[in-house]
Amino acid sequence: MSVLLIGGLLEKKYNPEKVELKWQKYWAENNLHKTGSEPDKKKFYCLEMFPYPSGKIHMGHVRNYAIGDVIARYKKMRGFNVLHPMGWDAFGLPAENAAINQGVHPAKWTYDNIDYMKNQLNRMGLSYDWEREVLTCSPEYYKWNQWFFLKMYEKGLAYRKSSFVNWCPSCATVLANEQVIDSKCWRCDSIVVQKELEQWFLKITHYAEELLQACDSLKGWPESVVLMQKNWIGKSEGLETDFAIDGMDEKIRIFTTRADTLFGATFVCLAPGHELSEKLVTDKEALEKVKEHYGKMEQKVGLFTGHYAINPVNGEKIPIYVANFVLMEYGTGAIMSVPAHDQRDFDFAKQYGLPIKTVVVPEGKEKISLDEAYEEDGVLVDSGEFTGLKSAEARVAIAKSLEEKGLGKRVVNYRLRDWGISRQRYWGTPIPIIYCDKCGTVPVPEADLPVILPENVKFKGTGGSPLKELEDFINVNCPKCGGRAKRETDTMDTFVDSSWYFFRYCMPKDDIDLTSRPPEFDYWMPVDQYIGGVEHAVLHLLYSRFFTRVMRDLGLTDLSEPFENLLTQGMVCKETLKCPEHGWLLPEEVKDGKCIKCGSAVESGRVEKMSKSKKNVVDPDHLINKYGADTARLFSLFAAPPEKDLEWSDKGVEGTYRFLHRVWNIVYQNLEKLKEAKGTEPDMNALLRKTHQTIKRVTNDIEREYHFNTAIAAMMELVNEISSFKPKSDKDWGTFRFAVETVLLLLSPFSPHIAEELWETLGNSPSIFNKPWPSWDEEIAKEEEIELVIQVNGKVRAKLMIPAGLPEEEIKQKALNEPKIKALTDEKPIKKIFVIRGRLLNIVI
RNA sequence: GCCGGAGUGGCGGAAUUGGUAGACGCAAGGGACUUAAAAUCCCUCGGGGCUUUGCUCCGUGCCGGUUCAAAUCCGGCCUCCGGCACCA
């Protein structure tokens, strides 16, 4: 590479694309990102959540993977064996929609997207070991989903039951809760109905208590995420008790957390799906109507069954209703209703003219108003022998009393439900089950795995799974009796795929066998640092914790928790533009603050999460083409600390780009002298001190919660100081070179290409990533002089340079002798002097 | 409604254990270089006041408290963002 001198200035201009492509090629050819395995090093497993191959990466990915790459590269330089893998969450609905809408096979669509996105990731200069790439739609991978399913089936952790699902009649498919918007299908706007369907479930509730308890061991997780997990599991302790049905030999078992209000129950409600609802209600049509309103919040709908229940504590006869707001899935599917002390029951009672009976009053009061329910604790009234007790005491006393009489028992309930994994879709893992008329539900034998997802399917515009039409697939011989049988056509929820992929990365591609415990699990797991969006704070992380426990109980690992440390990055946001007539606008649709379509004044300024619909996205391809990957990475790390939302600013990107130019120019404008200075020991001076201080700051900022933004600010300060440093001697040039090389080392995890290039330019042999992370000398970093701030009564009155490490008495004397301070303290008695070493002194008068 | 998180210059953000509020960057203004522009470099940059190269007062959402000292700790509010939401 030649350097042209024109008019005394070097023409060598920073060309990010050229530099970046050169080093990406070099890294690939030299296998630089291969997972380390040196026995004397400690391991570090750095993982970013793998993407769904939707087509192109977005800025959220750029941020996520930039963060992960800094950590991976930094840890490698700190001497760890680093595992830093990447893969694809490749099953899912969008691929199937593409098939329906564009006629492309989901597999082709997916693989094409992966091709494109993999190039984008490589173009970002990310240090992945692609030998371990996970592709969840490959039979080699999903075979083990099926294997896990069979193991869980054996243990009773996978079971089939009928339950209500969101069903879109027009698409003929089940919808997830988040695909139902205002009771309508997200795709076709049809009204979603509740349909009862046989579905496969994984028994995550078996681990509910353990998953909850272990939350407290998640020390490396953000507290907010741990809390969300706890709330999701939602443990509540209460009482189960039976209400006998008057004139029948049946009982209604109810669950309550408010045993203290038992005397205030004025009716009982059953969920519409409760078996007794069917039994007690004769008007089936009316019952159907209630069922239609099940799970809908707009209004409460009830139906009197014509029967009465008997309150176990006082023998009162109270009416039994079927009510749409009572959930079948929680507790026992039946409740006692205490309208005086529960707002929902209160509303229902008002609507159907049912009595309201107060049994708890606030301490020191005798009555409560009847405008709304009194839900707080208080003192019991009209509650027989329990009258006068406080709520908390009464809950225990009443529960005990019922337990003794054999009429109830204290129980624990969880909000957490078993995980329904059946999807009436094509593009997912086939559930390995066969239905035989003779033998019933028969699991596919392990030796027959994987059940391959057939490719020769036809997609109809109406939705529904095309597997149902595929005779070759459906018709099989029963593994037990050999007779004719039918395959399950549902596929698994894609959350299954992502619940254990981090185990799979521990070994190279396709090299996996879970029938015996892989030693790689013991070496690499747990993940030391997991990084991803907070949108997965509950489901993905909870399912992964569940799967890890299942694997533990299968003897595949000793671990219970897969992720030692978790970093949830903030969203990438940008200013939006909105026209009162035309809605969201692209920046190019606005001219001089006005909409180019209609000329109305554009409302701008609201910062929102980047999304196509709000037209405020930045395309990573454009960004990288214009500024290069190093700038894109550096800006997304500099603009905010990783866990906070990041506000995108095109101007800010320019600033970061400028900074890299400055680094580049420092090297090229001083190249000859810098090369000559190779081997010259640095000399003690202010720049050397600043260099050591910067190593310390950058290292500490990375170690302390990955505060990359301040680490980068520190590097900028050092670069500013290098720019203004004018070397006078050979030794000065030694210092200069040391400072520049240190900047490159510190910068290398953030902007790896430019660091690598300039490192080589200075006459060093690549790769910079084989160099150890620099260390600092505390003695050199120490300031000789410090600025002493002198306060009088807490207000800054003077500043004074003093030698560091001056004894306290001398500091006081110097401060008191300062003319300004003398004037202020003159003739006044000094009450006290506080000295904060190395910082400040406060004189109280 | 319940549970979290946040609020600091014109803007993004710093301030590690309570110890100089505003690091670093952006924007803005002024200057140098240039025929000119871009780029680059230098200077100024929270607000007010004054006797203006300095001095002084105010200032971290609002009100109060603890302390020699509060962006930081405590109590009470306000606003915004996120999660859950008929879970009995």
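Order of the sequence lines fixes the chain letters, A, B, ..., with proteins taken first and strands second; residue numbering starts at 1 for each chain. All values derive from a computational prediction rather than experimental measurement.
Atom P of nucleotide B:A70 and atom CG of A:N793 are separated by 12 Å, given to the nearest angstrom. Rounded to an integer number of Å, the gap from CD of A:E375 to P of B:C86 is 14 Å. Atom P of nucleotide B:A69 and atom CD1 of A:I790 are separated by 19 Å, given to the nearest angstrom. In this structure, the CE atom of A:M571 is 6 Å from the P atom of B:G82, given to the nearest Å. When the P atom of B:C55 is taken as reference, atom CD1 of A:I821 falls 11 Å away, rounded to whole Å. The interatomic distance linking A:E643 (CD) with B:A6 (C1') rounds to 12 Å, in whole Å. When rounded to the nearest whole Å, the span between CD of A:Q229 and C1' of B:C84 equals 14 Å. Going from atom OH of A:Y657 over to atom C1' of B:U40 covers 15 Å, rounded to whole Å.
If you take atom C1' in B:G47 and the same atom in B:A21, they sit 14 Å apart, rounded to whole Å. The P atoms of B:U72 and B:G19 are separated by 11 Å, rounded to the nearest whole Å. When the P atom is compared between B:A38 and B:A28, the two are found 12 Å apart, to the nearest whole Å. Distance noted for atom P between B:G59 and B:G48: 15 Å (whole Å). Going from the C1' atom of B:A88 to that of B:G13 covers 46 Å, rounded to whole Å. Between B:A15 and B:A69, the two C1' atoms lie 16 Å apart (nearest whole Å). Rounded to whole Å, the C1' atom of B:A70 lies 11 Å from the corresponding atom of B:G65. For the P atoms, the distance from B:C63 to B:U79 is 16 Å, rounded to whole Å.
Base orientation of B:G25: anti, since the glycosidic angle falls outside 90° of 0.
For A:A632, the side chain to side chain contact (heavy atoms under 4.5 Å, CB included) partners are A:L623, A:I624, not counting sequence neighbours. Applying the side-chain hydrogen bond (donor to acceptor under 3.5 Å, both in side chains) criterion to A:R417, with sequence neighbours excluded, gives no partner residue. When the side chain to side chain contact (heavy atoms under 4.5 Å, CB included) test is applied to A:E654, the partners found at least two apart in sequence or on another chain are A:Y627. Applying the side-chain hydrogen bond (donor to acceptor under 3.5 Å, both in side chains) criterion to A:W419, with sequence neighbours excluded, gives A:D493. Not counting sequence neighbours, the partners of A:S391 by the side chain to side chain contact (heavy atoms under 4.5 Å, CB included) test are A:R258, A:D260, A:V360, A:D377, A:L380, A:R395. Every residue two or more places apart in sequence or in another chain that forms a side chain to side chain contact (heavy atoms under 4.5 Å, CB included) with A:R697 is listed here: A:A714, A:E717. When the salt bridge (Lys or Arg N to Asp or Glu O under 4.0 Å) test is applied to A:K357, the partners found at least two apart in sequence or on another chain are A:E316.
A heavy-atom distance below 4.0 Å to RNA chain B is reached by these residues of residues 218-227 of chain A, ordered by number: A:S224, A:L227.
For the 3.5 Å distance criterion, the side chains of A:Q351 and A:Q299 fail to qualify, holding no donor opposite an acceptor. No side-chain N or O of A:T576 forms a donor-acceptor pair with one of A:N616 less than 3.5 Å apart.
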>> For RNA chain B, please output the secondary structure as dot-bracket, reading 5' to 3'. Pairs are Watson-Crick or G-U wobble, both atom distances under 3.5 Å; mark crossing pairs with [ ], other-strand partners with |, unpaired with a dot.
In response: (((((((..(((......[....))).(((((.......))))).(((((...)))))..(((((..]....))))))))))))....

Check residues 795-802 of chain A and write down every donor-acceptor pair under 3.5 Å in which the side-chain atom is one partner and the other belongs to a residue at least two apart or another chain.
none

Review item, side-chain donor-acceptor pairs of residues 219-229 of chain A, under 3.5 Å, at least two apart:
from: A:K219; atom 1: NZ; to: A:D216; atom 2: O; distance (Å): 2.7
from: A:W221; atom 1: NE1; to: A:F563; atom 2: O; distance (Å): 2.8
from: A:Q229; atom 1: OE1; to: A:R545; atom 2: NH1; distance (Å): 2.8
from: A:Q229; atom 1: NE2; to: A:A537; atom 2: O; distance (Å): 2.8
from: A:Q229; atom 1: NE2; to: A:V538; atom 2: O; distance (Å): 3.3

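Within the 4.0 angstrom heavy-atom criterion, only backbone atoms of the sugar-phosphate kind lie near A:K795; the bases stay farther away. As judged by a 4.0 angstrom heavy-atom cut-off over every strand, A:Q299 is placed among the base-contacting residues. No contact: A:V538 has no heavy atom under 4.0 Å from any strand. A:K820 comes within 4.0 angstrom of the backbone, heavy atoms only, and of no base. Residue contacts for A:S337: at a heavy-atom cut-off of 4.0 Å it reaches no nucleic acid atom on any strand shown.
A cation-pi geometry, defined here as NZ or CZ lying under 6.0 Å from the six-membered ring centre and within 45° of its normal, does not hold between A:K235 and A:Y414.
Between B:U56 and A:R797, a contact under 4.0 Å exists linking OP1 or OP2 to a side-chain N or O. For A:K832, no side-chain nitrogen or oxygen approaches OP1 or OP2 of B:A69 to under 4.0 Å.
Along RNA chain B, the nucleotide nearest A:Y414 and the nucleotide nearest A:S723 are compared for position; the residue whose nucleotide lies closer to the 5' end is A:S723.
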> Do A:R415 and A:N231 pass the side chain to side chain donor-acceptor pair (under 3.5 Å) test, and can you show the C-alpha distance, the side-chain angles, and the key distance before you say yes or no?
Replying inline: CA-CA 8 Å; A:R415 217 188 67 111; A:N231 291 341; over 6 Å; no

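Ring planes of A:Y657 and A:H661: perpendicular class, angle over 60° (limits at 30 and 60°).
Between the side chain of A:K831 and the base of B:C68, no donor-acceptor pair under 3.5 Å is found.
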> Can you give one letter per nucleotide of nucleotides 11-26 of chain B, 5' to 3': B if a protein heavy atom sits under 4.0 Å from the base, S if only from the sugar-phosphate, - if neither?
Replying inline: -SSSS---BB--BBSS

